[in-house]
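Report on the structure given below.
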Amino acid sequence: SDLNGIIDGIDKKDSFSMQVQDLTSAASFLLDEHAPYVTKNVAVVDSAPRFDSEYRDLRKERRRAEKKKKKSPEHYVRYLDLCDKANQLSNSKKKQYFKKILDNSRGNPKTLY
């Protein structure tokens, strides 16, 4: 309905290039109105202290396997195995990290906050 109104409003007496330019600017306006461009800030995951070189190397290996997973069933199984290993390592590193924080703040709850 918005687009139909814009198309009807384009002057038919203008040259073809002017009509295209009018339609392009109108479509751009509608897009900005209905689906505005949004920027987001994304935190860098690698900055977490629990992400050490062991975990980083395993992630690199998993990404390489992900690129090869469609080539054969063996590559796919290897990829799934690396996903499991990476998730297990991530969970254990996370547990160790938070356990260390809790142990260091034992007896002083204010340090947790």
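Computed from a prediction, not measured in an experiment: that's the story for all the values here.
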Which residues pass the salt bridge (Lys or Arg N to Asp or Glu O under 4.0 Å) test with E66, not counting sequence neighbours?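 For E66, no residue satisfies salt bridge (Lys or Arg N to Asp or Glu O under 4.0 Å) once neighbours in sequence are set aside.
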Whether over 12 other heavy atoms sit under 6.0 Å from Y55 OH: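 More than 12 heavy atoms, drawn from other residues, nucleotides or ligands, come within 6.0 Å of this atom.
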Roughly how far, to the nearest 0.5 Å, is [atom2] of [Y] from [atom1] of [X]?
| X | Y | atom1 | atom2 | result |
| --- | --- | --- | --- | --- |
| E61 | D57 | CD | CG | 8.5 Å |
| S53 | K60 | OG | NZ | 9.5 Å |
| R62 | Y79 | CZ | OH | 6.5 Å |
| C83 | R59 | SG | CZ | 11.5 Å |
| D22 | S17 | CG | OG | 9.5 Å |
| K95 | S90 | NZ | OG | 10.5 Å |

Residue pair L82 / A65: nearest heavy atoms and the distance that separates them: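 Result for this residue pair: CD1-CB, 3.6 Å.
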Under a 4.0 Å N-O cut-off, is there an ion pair linking E54 with K93?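 Counted as a salt bridge, because a side-chain N and a carboxylate O are separated by less than 4.0 Å.
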Do the charged groups of D103 and K100 touch, with an N to O distance under 4.0 Å?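 Here D103 does not pair with K100 in a salt bridge, since their nearest N and O are not under 4.0 Å apart.
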For T24, is there any backbone N or O sitting under 3.5 Å from a side-chain donor or acceptor partner on S28?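 Pair absent, no side-chain N/O of S28 close to backbone of T24.
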Would you mind reporting whether Q96 and K99 have side-chain heavy atoms less than 4.5 Å apart?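 Sidechains of Q96 and K99: no contact.
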I'd like to check F51 versus R56 (side-chain heavy atoms, cut-off strictly below 4.5 Å). Are they in contact?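 A side-chain contact under 4.5 Å exists here.
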